[in-house]
Structure formats: C-alpha cells, structure tokens
Amino acid sequence: MGPVSTGTVLLAEPRGYCAGVDRAVVAVERALEHYDETVYVRHEIVHNKYVVDRLREKGAVFVDEVDEVPEGSLVIFSAHGISPAVREMAKQRNLRTIDATCPLVTKVHKEAVRFAREDYDILLVGHEGHEEVEGTAGEAPEHVQIVNGPEDVDSVQVRDPEKVVWLSQTTLSVDETMETVDLLRKRFPKLQSPPSDDICYATQNRQVAVKKIAPESDLVLVVGSPNSSNSVRLMEVALEAGAPQAHRIDSVQELRDEWFDGVSTVGVTSGASVPEVLVQQLLQELERRGYGDVKPVRTATEDLMFSLPRELRVEMRAAGEVDTRQRASARRAQES
Ligand code: 0CM
Ligand code: SF4
C-alpha cells in the first residue's frame, strides 16, 4: 500500500514560462529545424539547465562570447539581451544573427538610450554581472550606474541631482526594488521613474501568486535554476511573505527528506524559464510522499504571446514555414 494522501499542495498560477522565454526557446528549436548548419547560441538562451541541456542534445552550440563563433556563422542572442558592443563584434565577424532578446528587455534598453541622450544620470537597479544588466548598461555606459540593492544607495554619486532617473532589471523582487528606490528618492528627491514598469508582467504576476500561497504553506518549493534571477527572487519573496521554509530546486532529484518534517501543506511554483514538465514531475513525487491533494491558486491569467524574432520569421516565410504557435493561438481564440 502507498502512503496515505493527506497532505495538500497549493499550486501557484501563473507560474513557469513567460512570453519572452517561449519565444526565445521556440526560436532556437525552429532555427535548428530550419538551418542546415550549426546553430550557435550566445549564452544560455534562458537560465534553465533542463532547457539548455535539451537544446544542446538537439544540436545547439552554446558559447560565452561571439568570438567563439566561426566567421560567417549563425548565432542567436539570448532572451536577456546584448549590449551594442556585442552586436558590433558580431558584425565584425560577419555573423548572421537572430536576436531573441525579450521585447520587454528591449523596452528597457530603449529607455536607457533615451535618457542618456537627454543627458540623465541613470541609476540601473539590478544585479551586477547578470547578462541582462550588462546588456542594458552597455547601451549607455557613461550614463549608467548599477545599484545592486539598498546597500548600494549611499555610495551613488550623480552629476546633477535634478536630472536622475532609475531603471531596473526586469526580473527583480518588486518589494526590494521599491525599498531601494525609496532610499534613492530620499537622497535625490527629483528622481524620475521609468515611463512604465521595467519589472515585467511575468515577474510581477509570479511574485503575487507566490505571496498568496506562502503564508498558508509550511514549505514552498520553487522550480528554477540557480542562475535564474526571477526564480531565486520567488524563493526570497516566499520567505518574506511568511513561508517558514522555501527552497529552489532544479528538479525533483534535489528534494531533501528533512524539508518535509512536520509539513502538511507544500506551496509549489516555478520561474519564468521553467518548463511545466519539471513541475509535473515534482507533483508526482509529492504525491508519492503523501501530498496528493493539489489545489491551484490563481491570481492572474496570462495570454501574451510574442511573435518570433523578425530575422527568423523572414527566413521561415521565404521557405513556406509557419509559426505553429500562432496557428494554435488563433485556434484557441476561435474556440473560445
Ligand atoms: O533574468 P533571469 O535570470 O530571471 O532569466 P531567466 O532566463 O531565468 O528568465 C527569463 C528571462 C529573461 C530576460
Ligand atoms: Fe521577458 Fe519578463 Fe520573460 Fe524576461 S521574464 S523573458 S523580461 S517576459
């Protein structure tokens, strides 16, 4: 006889793939199908080990920098974006490029360019060393200062306190960012805000959902890779929201028995770069451990979908291929 199924799972919705990740991953898959040559990808296309391993098995070659890509070859830029310097380097090497930068990251790039043109000092709230921050800062290196968090605020120096704006990485904790911004505003009362939220809809929605389940959970499990900013933030937000324990795991293999001592309710969510199959594997394992009563907790509905990168669409159209995601979404719209 199996374990008695008395434990509950609160399953956060929305969770998992966002529109930018779906677009980037599908772009690599379609490129692998379409091109009869090696498809190089600069950096992990999205920050998820499972996704990157599967694409590597299908033939994608991941590189750290474009100088590792043979002259004239095809390279895809990751969802996190690139600086103009990388774009230029690719051009120098005559690389053919597909830019899978999420449109919501590109939006922040454009804001940086605009405020730099107007000669603002730009305080970019984000994690130094993260690919997205490197790309955004690279749009206007002379104007951008990176502010990692509240602890950095005291050391910020600006040329003119009347002309300062803050922008941010798309995948930060909303609450911690607001804490940083409040401190910045105490120092610079004229600090301007981004024209629209830089922290993207997917990051915000997943944090709202995990905040809802965290206080009612004895343990929150977040599926996501260690280098995935939005996934790590979900774990931190769960703890802030009152979960007694929260852990980030790449897969079920990382679960530890001691986490479940005295636990009757487990909260589950996943980062924006995490395929649903990993969550389903976790739910199966939780059922095996006696947590078989799964209750979805929905705080928002998402239906955003981005079209594939333009360069790829042009190629596919010329070959008579279609973006099957759009077909499926049109069919869903007709059926509803
Ligand atoms: O930015 P982050 O580290 O959260 O990246 P990710 O690949 O895990 O998630 C999606 C994105 C972007 C940009
Ligand atoms: Fe785009 Fe947000 Fe997804 Fe990043 S997390 S890829 S910014 S939608």
Side-chain angles (χ1 to χ4, degrees), residues 14-28 41-55 60 62 76-83 86 99-112 124-139 146 148 167-174 176-177 194 196-210 222-237 248-251 269-276 278-279 300-309 325:
R15 63 176 181 277
Y17 268 24
C18 60
V21 164
D22 178 62
R23 170 184 190 256
V25 174
V26 171
V28 179
V41 184
R42 179 183 179 275
H43 285 174
E44 294 191 350
I45 185 75
V46 298
H47 290 151
N48 186 266
K49 183 174 163 13
Y50 178 92
V51 171
V52 170
D53 287 349
R54 291 295 89 72
L55 291 173
F62 290 89
I76 302 182
F77 296 133
S78 81
H80 316 96
I82 49 158
S83 68
V86 172
D99 188 355
T101 302
C102 175
L104 300 180
V105 173
T106 303
K107 186 198 78 160
V108 184
H109 281 227
K110 287 184 177 154
E111 291 168 358
L124 178 62
V125 184
H127 297 130
E128 196 143 24
H130 188 282
E131 277 98 343
E132 181 186 325
V133 170
E134 284 177 359
T136 307
E139 290 285 358
I146 296 163
N148 278 285
L167 302 178
S168 86
Q169 189 178 339
T170 56
T171 50
L172 300 181
S173 149
V174 174
E176 194 190 284
T177 305
S196 61
D197 288 356
D198 285 347
I199 299 180
C200 75
Y201 81 97
T203 301
Q204 295 194 31
N205 286 348
R206 281 149 192 69
Q207 288 175 16
V208 170
V210 84
V222 178
V223 186
S225 288
N227 58 342
S228 167
S229 165
N230 78 88
S231 304
V232 176
R233 301 295 83 77
L234 285 175
M235 182 192 68
E236 294 169 355
V237 168
R248 181 208 51 74
I249 52 169
D250 247 316
S251 70
T269 188
S270 57
S273 47
V274 179
E276 181 61 11
L278 298 178
V279 174
T301 304
E302 296 176 346
D303 56 8
L304 186 65
M305 193 185 81
F306 293 131
S307 51
L308 290 174
R325 298 173 319 145

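Since this is a predicted model, take the numbers as computed values, not measurements. As the structure lists them, so they are numbered: ligands from 1, and atoms in each ligand from 1. Just so you know, these numbers use all the heavy atoms, side chains as well, and skip hydrogens, waters and symmetry mates.
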| query | Quick check: does any side chain N or O of Arg23 sit under 3.5 Å from a backbone N or O of Ser307, one acting as donor and the other as acceptor? | reply | yes
| said: Using a strict threshold of under 4.0 Å (side-chain N to carboxylate O), is an ion pair present between Arg15 and Glu276? | reply: yes
| task | Output yes when Glu236 and Arg248 qualify as a salt bridge under the 4.0 Å nitrogen-oxygen rule, no when they do not. | result | no
| query | Is His80 reaching over with its side chain to a backbone N or O of Glu131, donor-acceptor style, under 3.5 angstrom? | reply | no
| task | List every atom of ligand 1 that sits less than 4.0 Å from any heavy atom of Ala79, numbering the atoms from 1 in the order shown and giving each element. | result | 13 (C)
| note | For Tyr201, the atoms of ligand 2 under 4.0 Å from one of its heavy atoms are 8 (S)
| said: Heavy-atom contact check, 4.0 Å cutoff: does Asn227 meet ligand 1? | reply: yes
| said: With a 4.0 Å cut-off on heavy atoms, is Glu131 in contact with ligand 1? | reply: no
| Got an N/O contact under 3.5 Å between Thr171 and ligand 1? | yes
| field | Exam field: side chain Asn148 to backbone Glu128, donor-acceptor pair closer than 3.5 Å | value | yes
| field | For atom 1 (Fe) of ligand 2, the option (of Cys102, Ala100, Gly81) bearing the nearest heavy atom | value | Cys102
| request: With atom 7 (O) of ligand 1 as the reference point, say which of His127, His130, His47 has the nearest heavy atom. | output: His47
| task | Starting from atom 3 (Fe) of ligand 2, find the nearest protein heavy-atom neighbour and note its residue, name and distance. | result | Cys18 SG, 2.2 Å
| message | Is there a polar contact, in the sense of an N or O pair closer than 3.5 Å, between Gln169 and ligand 1? | response | no
| field | Any donor-acceptor pair under 3.5 Å from Arg325 side chain to Phe306 backbone | value | yes
| message | Using a plain distance cutoff, I'd like to know if Thr170 has any nitrogen or oxygen under 3.5 Å from a nitrogen or oxygen of ligand 1. | response | no
| message | Is Cys200 close enough to atom 1 (Fe) of ligand 2 that one of its N, O or S atoms comes in under 2.8 Å? | response | no
| field | Which segment of Ser229 sits under 4.0 Å of ligand 1 when only heavy atoms are counted | value | both
| query | Do the side chain of Gln207 and the main chain of Leu234 share a donor and acceptor less than 3.5 angstrom apart? | reply | no
| request: Would you mind listing which atoms of ligand 1 come within a distance below 4.0 Å of any non-hydrogen atom of Ser273? | output: 6 (P), 7 (O), 8 (O), 9 (O)
